[in-house]
> 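Here it is, the structure in full.
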Amino acid sequence: MSETPVPLRIAVVGGGIGGLAAALSIARAGHHVTLVERAARFGEIGAGLQLAPNASQALEELGVLDAVQRTAVAPPRLVMMDALSGDQVTSLDLRSPAYTERFSHPYLVTHRTDLHAALLAACQEHPAITLRTGHTVTHAEQDDSAVHLHFAETATELTADAVVAADGLHSRLRQALVGDGEPVCSRYVAFRGALPADRMTGRMSQHAASDAVMVWAGPRMHLVQYPVRRGELYNQVAVFESDHYTPDSDAWGTEAELEERFAGTCQAVRDALPLIARDRRWPLFDRLPVDNWVHGRIALLGDAAHPMLQYLAQGACQALEDAVALGGALGRFTDPADAFTAYADQRRERAALIQTNARRFGEICHLEGMGATLRNLLFASREPEDFDDVSWVWTPFPASVPIP
């Protein structure tokens with residue numbers, strides 16, 4: 001161990017939210033970073049995302065929280081509605097004294113591109129970070145002193161003291177190192193996008209004006225809505241289970257199924273359906289937790305390490321936590337293998353718990369019949385200022401928080 005480690009040369013593979021956050025955290029720990037991204041230019045696709053207080057804390061530690069807050073929205077409440085009856089099931093008051101006493105950072109909602117842009121700008125401004133686009137990693141070779149990355153576009157290899165694989169759900173490096181096959185398809189699909197807030201009319205305009213995060217839970221489907229980008233855009237995500245899923249076909253989770261699954265919902269949800277983006281469908285995948293995040297001088301991070309379903313809204317949050325933990329470990333250890341081991345030991349259990357509990361919450365959200373009735377009765381007994389069941393998710397380890 002050393003308080004002033006010799007600067008290492010670290011390569012980060014993947015220029016998404018996790019990769020950029022990792023590069024920034026590593027550089028802030030005093031090391032030189034080369035980040036390689038296979039796309040021709042940096043960018044983020046998708047729509048909105050939720051940043052619970054654990055993510056806001058990570059962003060503060062990375063030095064970008066102020067930049068993110070300039071475009072993000074701080075919703076006053078999280079609200080679960082019954083998608084069939086239109087009745088409120090439960091809510092959490094994010095501006096209550098109970099929230100501010102328990103959590104030291106805000107709950108934010110933002111557009112993915114805005115968060116990505118803030119991280120990218122911080123990386124571009126940092127003198128110890130080099131960004132390279134158009135570099136697709138084909139394989140990595142490591143020896144006792146270095147890792148050598150090889151690319152599809154060039155015969156020139158990149159040599160680094162260590163490598164962080166932040167290359168997402170379909171990580172090539174994970175496949176080579178872990179070899180656990182294809183991701184697990186949940187048979188659920190999402191249609192999502194953000195539209196100008198002034199396009200929300202009727203009952204939907206009332207929800208949009210409230211700035212709340214609205215979750216409309218129904219049998220094998222749900223709708224999520226909230227404002228992003230200073231309230232100028234309204235994010236909508238419709239999720240449902242397909243009856244026509246087959247692993248060898250892409251002809252499932254169609255627009256026709258979307259309409260069919262939501263046909264029996266309340267008027268407010270049906271009013272929202274025509275305004276949900278249809279240009280792309282997003283099949284939803286995760287993986288089972290694994291213990292082997294570290295392979296010598298190569299470490300996995302974000303979705304490459306622990307892809308999860310979105311039902312706890314923690315995918316990006318956990319990648320940000322990874323980045324902060326990794327930078328901290330690389331600031332304490334001179335040997336990258338020791339730092340990677342410390343990082344994985346800090347993060348593995350928590351990420352696995354959130355992976356598995358995301359599946360469980362999805363099942364609870366999508367209950368039907370008597371199961372949904374009992375869920376609603378149970379949740380209705382909660383107080384809006386009761387955060388006991390979510391505090392373990394919203395408080396990063398190693399804080400002392402009860403875990404289910």
Side-chain angles (χ1 to χ4, degrees), residues 17 44-56 59 65 68-83 86 88-96 99 103 105-116 118 190-218 221-240 262 265-266 268-277 282 284 309-317 320 358 361-362 365 384 387 390 393-394:
I17 289 169
E44 184 65 75
I45 57 175
L49 56 80
Q50 300 180 52
L51 299 171
N54 57 311
S56 295
L59 291 170
L65 179 58
V68 172
Q69 286 185 292
R70 282 196 283 272
T71 57
V73 173
R77 296 190 304 154
L78 304 181
V79 183
M80 176 180 276
M81 307 287 289
D82 187 301
Q88 180 173 310
V89 176
T90 190
S91 68
L92 287 174
D93 186 346
L94 302 179
R95 295 182 181 172
S96 65
Y99 178 91
F103 307 105
H105 292 79
Y107 195 109
L108 303 173
V109 288
T110 187
H111 200 287
R112 295 186 73 94
T113 58
D114 294 340
L115 173 59
H116 188 271
F191 285 84
R192 61 191 183 194
L195 70 159
D198 58 14
R199 288 188 58 191
M200 305 302 294
T201 59
R203 301 184 191 188
M204 286 295 93
S205 65
Q206 298 174 17
H207 295 303
S210 75
D211 282 352
V213 174
M214 309 292 298
V215 180
W216 303 80
M221 56 78 174
H222 74 270
L223 171 70
V224 180
Q225 301 172 305
Y226 51 84
V228 295
R229 193 168 294 163
R230 298 173 295 269
E232 298 164 11
L233 300 176
Y234 201 61
N235 183 67
Q236 297 198 112
V237 186
V239 175
F240 66 93
F262 282 80
T265 57
C266 65
V269 174
R270 292 201 305 275
D271 287 347
L273 280 187
L275 299 176
I276 293 172
W282 305 75
L284 303 179
L309 297 175
Q310 81 281 21
Y311 303 119
L312 290 177
Q314 279 287 309
C317 304
L320 292 169
F361 191 74
C365 184
F387 296 93
V390 296
V393 179
W394 292 0

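Sequential numbering from 1 along the given sequence is applied to the chain's residues.
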> So, Y107 and Q50: side-chain donor and acceptor under 3.5 Å apart, yes or no?
yes
> Assess, by modelled atom type and distance only, whether the side chains of R229 and T113 contain a donor and an acceptor separated by less than 3.5 Å.
yes
> A side-chain contact here means heavy atoms from C-beta on lying under 4.5 Å apart; do L94 and F387 qualify?
yes
> Between atom CD1 of I45 and atom CZ of R192, what is the distance when rounded to the nearest 0.5 Å?
8.0 Å
> So which heavy atom on A47 is nearest to which on A194, and how close?
CB-N, 4.2 Å
> Are E44 and I17 close enough that some pair of their side-chain heavy atoms sits under 4.5 Å apart?
yes
> So how far is it from L233 CG to R199 CZ, rounded to the nearest 0.5 Å?
11.5 Å
> Could you pull out the closest heavy-atom pair between C365 and A217, with the gap in Å?
O-CB, 3.5 Å
> In sequence, state the C-alpha distance, the side-chain angles, and the governing distance for L59 and L320, and then conclude on side-chain contact (heavy atoms from CB on, under 4.5 Å).
CA-CA 7 Å; L59 291 170; L320 292 169; 4.0 Å; yes
> Would a 4.5 Å heavy-atom cut-off, applied to side chains only, mark L223 and V237 as touching?
no
> Distance check, rounded to the nearest 0.5 Å: R77 atom CZ versus D211 atom CG?
11.0 Å
> For a 4.5 angstrom cut-off between non-hydrogen side-chain atoms, does R270 reach F262?
no
> Using the rule given for side-chain contact (heavy atoms from CB on, under 4.5 Å), can you reason through V215 versus V89, listing the C-alpha separation, both sets of side-chain angles and the distance that settles it, and then say yes or no?
CA-CA 10 Å; V215 180; V89 176; over 6 Å; no
> Taking all heavy atoms of S56 and all of L65, pick out the closest pair and write down the distance.
O-CD2, 3.8 Å
> Using 0.5 Å steps for rounding, measure from the CE atom of M214 to the CD atom of Q236.
11.5 Å
> Would you call R70 and V68 a side-chain contact if the rule is heavy atoms closer than 4.5 Å?
no
> Give the minimum heavy-atom separation between M221 and A83, together with the two atoms involved.
CE-CB, 4.0 Å
> Tell me the closest heavy-atom pair linking C317 and A52, and the distance in Å.
SG-N, 3.8 Å
> Would you please indicate yes or no on a ring centroid separation below 6.0 angstrom for F103 and W394?
yes
> Can you find a pair of side-chain heavy atoms, one from V109 and one from L49, that are under 4.5 Å apart?
no
> Is the shortest heavy-atom distance from the side chain of Y99 to the side chain of D93 under 4.5 Å?
no
> Do you know the tightest heavy-atom contact between P227 and A212?
CD-O, 3.9 Å
> Checking ring pair (Phe, Tyr, Trp, His ring centres under 6.0 Å) between H222 and each of F240, Y311, W216, which is the one that passes?
Y311
> I need the Q69 CD to L51 CG distance, nearest 0.5 Å.
10.0 Å
> I would like to know whether V79 and V213 meet side-chain contact (heavy atoms from CB on, under 4.5 Å); could you show each step before the answer?
CA-CA 6 Å; V79 183; V213 174; over 6 Å; no
> What's the spacing between Q314 CD and N54 CG if we round to 0.5 Å?
4.5 Å
> What do the steps show when you test V73 against T110 for side-chain contact (heavy atoms from CB on, under 4.5 Å), and what is the final call?
CA-CA 6 Å; V73 173; T110 187; over 6 Å; no
